[in-house]
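Order of the sequence lines fixes the chain letters, A, B, ..., with proteins taken first and strands second; residue numbering starts at 1 for each chain.
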Amino acid sequence: MSHVETAVDTTNPELDAVAVEQDAALLTNGQLARMFHEIGDMLEVKGELVYKTVAYHRAADAIAHSPVEVAEAYRAGNPPRIPGVGAAISDKLAELAQTGRLQFYERLRTEVPPTLVEMLDLPGLGPRTVKLLYETLGIENVEALRDAAERGLLRDVKGLSARTEESILQAIATLETRPQRLLLNQANAIVDQVIGDLEGTPGLRRVEKAGSLRRWQETIGDLDLLAETDDPDALIERFVGLAAVDRVLNRGSYKAAIKLLRGPQVDLMVMPPGEAGTYEIHFTGNKDHNVRLRGRARDRGWSLSEKGYMRLGEDGEPLAGPNAELRTFATEGEAYAFLDLPFIEPELRQDRGEIEAALAGTLPTLVTLADLNGDCHTHSDRTDGVHTVEQMAEAGRRRGYAYQVLTDHSQSLAIARGLNAERVEEERELVGLLNQKFAREEEQGTAPPGTPPEGFRLLFGCELEIRADGQLDFPDELLARYDVVVASLHVGRRQPRVELTRRVMNALRNPNVDIIAHPAGRYIQRREDLDLDWDAVFAEAARTGTLLEMNGSPHRLDLSDHRARRAVAAGCTLTIDSDAHRIEELDYMRWGVSQARRAWVTPELVANTWSRAKLLDWVARKPERVS
DNA sequence: GCCGTTTTCGGCCCGACTGTTTTCAGTCG
């Protein structure tokens, strides 16, 4: 607990000031990862050996996903073992941890203009071409490239043509109008639309989602579709001719890619009927997961591609001609089994230990939507919601929940018309009346079908503001009257880490606070995470049994999968909530569940898979744990 | 640059599509 105490200790302000100054030079895992990715990019442009550049990118990813703060650990003289980080990169990390700088990186930046690396963002333009353009025409940024292309200078470079000029100008235009990555729910809606448009194509047996959407990643770049069809030509024809197509990026016999009008790129791959297994694996990814599978296949004498497993000869090449041997499978389960692996859930396919767990027989049984018995975070029109308390409760009841917690905002969040003590009392009475009605209907057998045996109850809660001064927005006497208190932080988000952490700690230690909602306070692609001492927060949440929310709003998905995994490792228990402000948003639960699955979360770790009695008992016992 | 229960050196995952070419390199996923 000592680091926890240190982080919130205010008795010696001078000590705090020293700590903050040291922290200033400590790079976060994210910053380290960005730097090593950039190094990888610069080495690519320099024309370095491809495997060297890959090594830097791989190390960057591993650092980004590391459960420990890497720079902090190095500074403490306690460098963690990170897969993909060997002697050379480890030395660089040590230098960064000590000095906050890296000479190798700074020298590289003088050799390779940073704007050169930005040119790699242009679709179709890779490191070789960037290098070629730099060396022949001295082009070192996108502006110069556009200028040269417009003036017809590129066609004189060996290996390029007038056509290349055109496609480069096209790529620049694409980059400038490129939409942000899609949120999960947006991507899903677009894909459903495209799948609907493809239905009825002659020969088509089925179309399914693949790629990052099938892994339920929190944001989606390109969309991937797989199709089983007896007539590939007809399908490709239909696909590239869809009304929503802006332009066709490429088109072959088995695959095609389109860019949708004001929308993302969509890739379609055709699978021969009955051979979906390896295709689904290949196109669901992610890349690192696939590389691991191919390595394992190769160790066993087979080459794995989307087409199936091909027997390798003694030269390490697939056998050809009459000796060729190809194994295909109808399902992913069979294709995994060929490698003596069990089926691995798509959400886990990120090469974050799932292969090892599969081999050890320790893959988790992931939480599902059906496991949830309630929703601990919902709003009504009495604060910033859209539907009435009754409408929201009725909708929750019809979902088959045993409980739903009404968590309208507390008084200080004026922007959301937060409730004062008087309106809190009104709301309590309203909740009581509704519950009487629900109980009556259950007794009379007129409750909606699907109502669980323990019946449905609307639990009385609030979303309690953790104010900028660190105080909670209601006094303890009032808080003690709630069934469930959900605390969250919306204001004073830019305070320094020590201050922010102290505020959250104060909420965690309050005997009446049961859940911390959207702990990182992020809005995906719009607002950064709160700068908290996460290890301290997780340790205290675990000690006090305060539940940490996985917020299902596709804008939040907070905790993130990485953080949730760390929280669980630290002994925390979670909730998965919709944070619904209208009836339809109760469906946000599905995105929260997918995020939890990506974090390896099992049902028992999620408090709202519990019965109502168990949940209420858990929160009632918090005072014992805090003391 | 990383890595090793075959290896401390010599490997490192795979194929489609595109464009500029006559046999392939670059890019992408």
Close residues, residues 208-224 of chain A, relative to DNA chain B [heavy-atom separation under 4.0 Å]: A/Asp222, A/Asp224
Residue A/Arg101 excluded, over 12 heavy atoms near CZ under 6.0 Å: no
Residue whose nearest DNA chain B nucleotide is more 5′ - A/Arg163 or A/Pro123: A/Arg163
Length of the CD-P vector between A/Glu44 and B/dG26, whole Å: 13 Å
Residue pairs fulfilling ring pair (Phe, Tyr, Trp, His ring centres under 6.0 Å) with at least one residue in residues 203-233 of chain A, sequence neighbours excluded: A/Trp216-A/Trp591
Parallel, tilted or perpendicular: rings of A/Tyr523 and A/His555 (30°, 60°): tilted
Euclidean distance, A/Ile220 CD1 relative to A/Lys209 NZ, rounded to 0.5 Å: 10.5 Å
Nearest to side-chain heavy atoms of A/Ala55, which nucleotide of B/dC2, B/dG29, B/dG19: B/dC2
Spatial distance of atom CD (A/Glu218) from atom CG (A/Leu182) [nearest 0.5 Å]: 13.5 Å
Per-pair stack call A/Tyr51 and B/dC12, 5.5 Å, 30°: yes
C1'-based separation of B/dT5 from B/dG1 [nearest Å]: 24 Å
Separation between the C1' atoms of B/dT6 and B/dG10, rounded to whole Å: 13 Å
Distance, rounded to the nearest Å, where A/Ile168 contributes CD1 and B/dT18 contributes C1': 14 Å
Side chain to side chain donor-acceptor pair (under 3.5 Å) pairs, two or more places apart, involving residues 316-330 of chain A: A/Arg311-A/Glu325, A/Glu325-A/Arg327
Neighbours of DNA chain B within residues 316-323 of chain A, by heavy-atom distance under 4.0 Å: none
Residues in contact with DNA chain B, drawn from residues 240-256 of chain A - heavy-atom cutoff 4.0 Å: A/Asn250, A/Arg251, A/Gly252, A/Ser253, A/Tyr254, A/Lys255
Could I get a table of every N or O pair under 3.5 Å where one atom is in the protein and the other is in nucleotides 21-25 of chain B?
none

Nearest non-hydrogen partners of A/Ala276 and A/Ala330, listed with the distance: CB-O, 3.6 Å
Residue pair A/Leu348 / A/Glu354: nearest heavy atoms and the distance that separates them: O-CD, 3.0 Å
Could you tabulate the donor-acceptor pairs under 3.5 Å formed by side-chain atoms of residues 120-140 of chain A, not counting sequence neighbours?
unit_1	atom_1	unit_2	atom_2	d
A/Lys131	NZ	A/Glu135	OE2	3.4
A/Thr136	OG1	A/Leu132	O	2.7

Listed nucleotide nearest any side-chain atom of A/Arg298, set B/dG19, B/dT27, B/dC12: B/dC12
Distance in angstrom units between A/Ile258 CD1 and B/dC28 P, rounded: 19 Å
Modelled atom types, side-chain donor and acceptor of A/Arg247 and A/Thr174, under 3.5 Å: yes
C1' spacing across the pair B/dC12 / B/dT8, given as an integer number of angstrom: 15 Å
Euclidean distance, atom CZ of residue A/Arg292 to atom P of B/dC14 [Å, nearest integer]: 15 Å
Interface with DNA chain B, restricted to residues 329-362 of chain A and to heavy atoms under 4.0 Å: none
Position toward the 5' end of DNA chain B (nearest nucleotide), A/Thr53 or A/Lys287: A/Thr53
Sole candidate of A/Met550, A/His65, A/Gln350 that passes side chain to side chain contact (heavy atoms under 4.5 Å, CB included) when paired with A/Asp561: A/Gln350
Close N/O contacts between protein and nucleotides 5-11 of chain B (under 3.5 Å):
none

A/Tyr74: ring pair (Phe, Tyr, Trp, His ring centres under 6.0 Å) partners, not counting sequence neighbours: none
Euclidean distance for C1', B/dT7 against B/dC2 (whole angstrom): 14 Å
Minimal non-hydrogen separation, A/Val85 against A/Ala59, with atom names: CG2-CB, 4.0 Å
Gap between atoms CZ and C1', on A/Phe36 and B/dC2 respectively (whole Å): 14 Å
Sugar-phosphate only, base, or nothing, as touched by A/Tyr56 at under 4.0 Å among non-hydrogen atoms: sugar-phosphate
Residue matched to B/dC14 through Watson-Crick or wobble contacts both under 3.5 angstrom: B/dG29
Nearest-angstrom distance from the residue atom CD of A/Glu48 to C1' of B/dG1: 9 Å
Closest to side chain of A/Arg81, choosing from B/dG19, B/dG1, B/dC3: B/dC3
Smallest separation among heavy atoms of A/Ala358 and A/Ile344, with atom names: CB-CD1, 3.9 Å
Pairwise side-chain contact, A/Lys92 with A/Phe36, heavy-atom cut-off 4.5 Å (strictly under): yes
Minimal non-hydrogen separation, A/Leu184 against A/Ser594, with atom names: CD2-OG, 3.9 Å
Over 12 foreign heavy atoms within 6.0 Å of CZ, A/Arg58: no
Distance in Å, A/Ser90 OG paired with A/Arg81 CZ, rounded so as to fall on 0.5 Å steps: 9.0 Å
Quick one: side chains of residues 255-275 of chain A, donor-acceptor pairs under 3.5 Å with protein atoms, not counting sequence neighbours, listed by atom name and distance.
unit_1	atom_1	unit_2	atom_2	d
A/Lys259	NZ	A/Gly263	O	3.0
A/Gln265	NE2	A/Asp267	OD1	2.9

Ionic contact status for A/Arg565 with A/Glu347, cut-off 4.0 Å: no
Positions of residues 129-155 of chain A (non-hydrogen atom under 4.0 Å from DNA chain B), listed by number: A/Thr129
A/Tyr309 side-chain N/O to A/Ala335 backbone N/O, donor-acceptor pair under 3.5 Å: yes
Protein-nucleotide distance (A/Met310, atom CE; B/dC14, atom P), rounded to Å: 8 Å
Short side-chain N/O contact to B/dA16 OP1/OP2 from A/Lys307, under 4.0 Å: yes
Cation-pi geometry met for A/Arg215 and A/Phe283 (6.0 Å, 45°): no
A/Leu120 CG - B/dC28 P separation (whole Å): 8 Å
Selected nucleotide, minimal atom distance to A/Lys92 side chain, candidates B/dT27, B/dA16, B/dG1: B/dG1
Non-hydrogen atoms of A/Val367 and A/Val593 that approach each other most closely: O-CG1, 3.9 Å
